[in-house]
Amino acid sequence: MKTQLQQLIEAALSQLCNDGTLQLETLPSALVERTRDRTHGDFATNMAMVLAKQAKRNPRELAQLLLDALPESELVVKTEIAGPGFINFFVSDAAYATVIAQVFEQSSSYGKSQVGAGQKVLMEYVSANPTGPLHVGHGRGAAYGAATASLLKAAGYQVHREYYVNDAGRQMDILAASVWLRYLDLCGEEVTFPSNGYQGDYIWDIAATLHREQQDTFRHPIATVLEGVPADEPDGGDKELHIDGIIEQARTLLGTALYKQVHGAALEAILGGIRQDLLEFGVEYDEWFSEQSLMDDQTVDQAIEKLQGTGDIYEEKGALWFRSTAYGDEKDRVVVRDNGLKTYFASDIAYHMNKLQRGYDKMIDIWGADHHGYVPRVRAALSAMGEEPDTLEVLLVQFASLFRGGEKVQMSTRSGSFVTLRELRQEVGDDAARFFYVLRKSEQHMDFDLDLAVSQSSENPVYYIQYAHARIHSVMRQLQEKGMSWDQEEGLNSQNLLTEEHEKSLMVAISRYPELLEGAALQREPHQLAHYLRDLAHELHTYYNSHHFIVEDQALRNARLTLINAARQVFVNGLTVLGVSAPEEM
RNA sequence: GCGCCCGUAGCUCAGCUGGAUAGAGUACUUGGCUACGAACUAAGGUGUCGGAGGUUCGAAUCCUUCCGGGCGCGCCA
C-alpha cells in the first residue's frame, strides 16, 4: 500500500515538472507515513512542505497542485490537505480486502520483501570464547543475532550465519591448564589452584571425565609441575607469569600429542555445551568457523604479508605493528608480539579478509558493547587492504544486568560466578527468554529482574501474543464442535460486510506488517517486530471481546473468520522470525 | 583526560530516515464472563522528553555546550 502511494505521488510530481508547473533541481522520493490519528486518514505525506522552499510556493498551494496531478487509483477514495500542508489519503475498503486476500495467497511468505535481493551477507554473532558455558549476556547477542538474521532473510538478503570459534590463543591454553590441574587433583596430587585459572565447576566436570576415561595418562607429580614456575600472586608473585609457567610445563611434560588431547578435550566439552545450548534456544548457524584453521592454512600470515605489501606494517621494540592510525584509528596496533605470537587482532584481520574472499558483499558482526573500541581498528585493516570499510557493519549489544533479590548479580567468567543461559532458559522458558531479549533496542542497557521473570512469567508479553494466536485456533475448534466449517472463499468475497471499527483496525494492522518487516530489517531492529506483534495481539483481543465471530449470518461469519485467520497467519510469520513458538493452545 | 552508547510517566521501555494533541506495559482505582478460553478487555492521570542555547514552517528526534550513568582506551582475548 505504502509503496503504491509513493508511486502515485512521484508520478504526480514528475508530471508537474514535465508540464513546467514546477522547476526542481532534484526529484526527491516521496515520504509517505501512516497517520497517528484516524481522522487524518490512513496515510499522509509531507511532500508539499518539504518542497515548498525549493518550489518557492506555499505548502498548501503546492499540495493542491500535487493533488490535481495525482493519477486515478482504486486505492485512494479521498484526499485532503490538512494542517501546515500535509496531504492525507483515505484508503478504500476494497484495498484492505485485497490485502486480506494476499495474506492467504502468500501465506508464510506474507510480509517478505526483496529489498535485500542480490546481497550476500555474512552474519556473525555470539562467538563467545569456548572457555566456559554461555551466560545471560551471551543470550542477548544470540537472540538478537538469530532474529536479525531471520529478519534479513525475510527481506530477501542471502544470509550466511556463522560462529567464530576462538580455539587458538592463550585463553584456550589457560583453560587447558585449568582442566589439567583439576585432573591432577583428582589423581590425588595436592594442587593449589592458580588465581588466574578458570574456577567454575564445569572445569571439574571435564577433568573428571578425563580422569575416568584416561586414568593416569596425564599425571605428573605436582612438585615436578611447579618446578621453575614463577610464584602466584597470593604468594607475592605475578598471576600472569604463574599461569604462563604452568602452561609451559604442561606442554613440556605432556608433550605435544598429550597436551593437544587435554586441550582438545576441554575445547570439545565446552564447545559441545555451547552448541547444545544454542540449538535448544533455537539459535542456528550455517557454519562454525575455527580461528585455528586460519593459523593452519596461513591465512593469518597472508593477511600480515598483504599489509606489509602496502607498507602499513613496521617493526618496533621487537614487535610488528599495523599502522592503523593512517586509517582513522587512535593508535597503532600490534599484530605480532615480540615473543613471536600473533595477536587476536591479527587473526581477526585474517578472518575478515577471509570473509570477503568467500564472496560476501556485507559482513554484519554482532559484538558486546565492551568491544566497541575495536571497531575502528578492524575497519582500518579493511581500508588498508583496499576494501570499503563500510562492508563491515558492527551491531553492538549492551549487556543485560541481572537483578536478583533487588541486587545486581555480579558476573565474571574467570571466577565462575555467573548465571548461565541454560539456567535462565530453565527459569523463564525459551519463548519468554527469546522474546524478552529482543523486546528492547540492542544498544539499550537492559535490566533483567530474575525474580520478576520467574514469579510473574505469565505476565510476560510473549504470552499475550501467543494467547491471541491460540484464541484464534480455539475459535476454529469451537466452530468445528458446532458442526460448522469455514468457507474462506466466501469470507474473502464478504469482506465488505466488515464495517466495525475493530475490524477496520485489525485490517490496518495486518496491512502494516510488510512495511514494518522491511523497515525492521533495514534498520536491523527486531524489537520493532516484537512491539508490532504486541499491537496486533491487542487489536485481536479487543475485537474478540466486543464481537462474536461465530454468528448466525453465514456470510458475515465467514468474513470474520477469514479476517482473524489472516491475523493468525501474521502471528505465525512474525513469531517465526523472532524464534518464538506459536502454540495452538496453551 | 579522550572516544562510543544511554538519559522520555512512580518503575521497565517504545516513539518509524525532523511532523499534526509525546505513547505502551506495569503499578493504583472502578467496571465487563449463563455467549467463540478473563493468560482477555473498558474507563480513569501522570510528563520542565536530563539542563541551557542554536538550526526551521515544525525538534524527544539534527548541531553545540554542560550535568548524570554505562562501557572502552594492553605486545589480553
Side-chain angles (χ1 to χ4, degrees), chain A residues 29 31 33-37 39-40 44-46 49-50 52-53 58-59 82-86 88 129 131 166 168-172 174 240 291 316-321 330-331 333-345 347-348 368-376 396 398-399 401 439-449 452 456-464 466-468 470-479 481-482 515-516 519-520 522-523 525 527-528 530-532 534-535 537-538 540-551 560-561 564 585-586:
Chain A
S29 57
L31 176 70
E33 53 189 12
R34 294 270 174 179
T35 55
R36 191 187 299 271
D37 190 334
T39 61
H40 295 142
T45 180
N46 60 355
M49 290 180 287
V50 172
K53 192 176 235 176
N58 83 56
F86 288 104
N88 294 336
N129 280 347
T131 51
N166 292 114
R170 182 163 171 267
Q171 292 305 318
M172 281 307 300
I174 294 177
E240 305 289 348
E291 178 188 5
E316 191 177 300
K317 287 186 258 178
L320 287 186
W321 297 69
E330 289 178 354
K331 50 169 72 171
R333 311 290 174 176
V334 170
V335 286
V336 182
R337 292 159 61 182
D338 58 5
N339 62 7
L341 291 178
K342 284 139 192 145
T343 60
Y344 174 84
F345 179 46
S347 47
D348 224 23
D370 55 335
H371 286 76
H372 72 259
Y374 207 77
V375 178
L396 299 173
Q398 291 288 343
F399 282 124
S401 307
L439 192 55
R440 283 83 199 270
K441 278 198 303 207
S442 65
E443 64 263 38
Q444 181 75 249
H445 297 96
M446 122 184 200
D447 291 344
F448 201 128
D449 190 327
L452 191 76
Q456 304 187 351
S457 62
S458 68
E459 290 180 15
N460 192 301
V462 73
Y463 295 106
Y464 182 74
Q466 289 180 323
Y467 182 43
R471 258 186 159 173
I472 297 168
H473 277 279
S474 175
V475 170
M476 299 312 282
R477 284 193 295 270
Q478 277 295 321
L479 184 75
E481 279 174 25
K482 291 180 178 176
E515 65 203 49
L516 179 114
L522 290 173
Q523 294 167 66
E525 291 187 343
H527 78 273
Q528 287 187 27
H531 284 275
Y532 165 82
R534 198 167 56 182
D535 289 346
H538 182 250
L540 192 279
H541 285 311
T542 56
Y543 181 30
Y544 182 97
N545 276 322
S546 52
H547 297 285
H548 214 61
F549 304 149
I550 303 177
V551 292
R560 288 183 169 170
L561 292 175
I564 63 171
E585 48 189 314
M586 36 196 304

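Worth knowing before you read on, the calculation uses all heavy atoms, side chains too, and leaves out hydrogens, waters and symmetry mates. Proteins come first, then strands; the chains are lettered A, B, ... in the order of their sequence lines, and each starts at number 1.
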Planes under 30° and centres closer than 5.5 Å, is that true for H531(A) with the base of G15(B)?
no
Would you check if F86(A) stacks with the base of A20(B), given a 5.5 Å centroid limit and a 30° plane limit, both strict?
yes
Pairing check on [N]: which nucleotide meets the Watson-Crick or G-U wobble criteria with it, both distances under 3.5 Å?
N	value
U29(B)	A43(B)
U61(B)	none
C71(B)	G3(B)
G37(B)	none
U17(B)	none

For a quick check of understanding: with a heavy-atom distance under 4.0 Å over all strands, which category does [X] fall into, base, sugar-phosphate or nothing?
X	value
A319(A)	base
R36(A)	sugar-phosphate
D370(A)	sugar-phosphate
Q466(A)	nothing
Q523(A)	sugar-phosphate
E330(A)	sugar-phosphate
A44(A)	base
H371(A)	base

Which whole number of Å gives the distance between the [atom1] atom of [N] and that of [M]?
N	M	atom1	result
U29(B)	C66(B)	C1'	42 Å
C71(B)	U55(B)	P	37 Å
A14(B)	A22(B)	C1'	11 Å
G15(B)	C6(B)	C1'	16 Å
C11(B)	C16(B)	P	23 Å

Classify the side chain of [X] versus the base of [N] as yes if they form a donor-acceptor pair under 3.5 Å and no if they do not.
X	N	result
N46(A)	G19(B)	yes
H372(A)	G3(B)	yes
N88(A)	A20(B)	yes

Length of the [atom1]-[atom2] vector between [X] and [N], whole Å:
X	N	atom1	atom2	value
Y463(A)	U26(B)	OH	P	15 Å
L439(A)	G15(B)	CG	P	11 Å
E33(A)	G18(B)	CD	C1'	10 Å
K317(A)	G74(B)	NZ	P	12 Å
E316(A)	C75(B)	CD	C1'	11 Å
N339(A)	G74(B)	CG	C1'	14 Å
L516(A)	G15(B)	CG	P	11 Å
R534(A)	G15(B)	CZ	C1'	13 Å

Under 4.0 Å protein heavy-atom contacts per nucleotide of nucleotides 33-38 of chain B, with B for base, S for backbone only and - for none:
--SBBS
With no hydrogens and no angle check, is any side-chain donor or acceptor of R36(A) less than 3.5 Å from a backbone partner on R34(A)?
no
Ignoring hydrogens and angles, tell me if any N or O in the side chain of T343(A) forms a donor-acceptor pair with the backbone of V334(A) under 3.5 Å.
yes
Take K331(A) and H527(A), find for each the nucleotide of RNA chain B with the closest heavy atom, and name the residue whose nucleotide sits nearer the 5' end.
H527(A)
Given RNA chain B, 5'-ward residue of the pair G83(A) and K342(A), judged by closest heavy atom
G83(A)
Would you say A14(B) has OP1 or OP2 under 4.0 Å from some side-chain N or O of Q444(A)?
yes
Is H538(A) close enough to A39(B) that one of its side-chain N or O atoms is under 4.0 Å from OP1 or OP2 there?
no
Scanning both residues in full, the closest heavy-atom pair of F345(A) with Y374(A) reads CA-OH, 3.0 Å
Heavy-atom closest contact (G519(A) atom, Q528(A) atom, distance)
C-OE1, 4.2 Å
Give the nucleotide from the list [options] with an atom nearest to the side chain of [X].
X	options	result
Y374(A)	A77(B), G69(B), G15(B)	A77(B)
E525(A)	G15(B), C40(B), U12(B)	G15(B)
A82(A)	C57(B), A20(B), C75(B)	A20(B)

Does any part of the side chain of [Y], heavy atoms only, come nearer than 4.5 Å to the side chain of [X], both counted from C-beta?
X	Y	value
H40(A)	N88(A)	yes
R170(A)	E240(A)	yes
R560(A)	V551(A)	yes

First locate atom CD of E443(A), then atom CD of Q398(A), and finally report the distance between them rounded to the nearest 0.5 Å.
8.0 Å
How long is the span from the CZ atom in R477(A) to the NE2 atom in H473(A), to the nearest 0.5 Å?
8.0 Å
Could you tell me whether the side chains of S347(A) and E291(A) share a donor-acceptor contact shorter than 3.5 Å?
yes
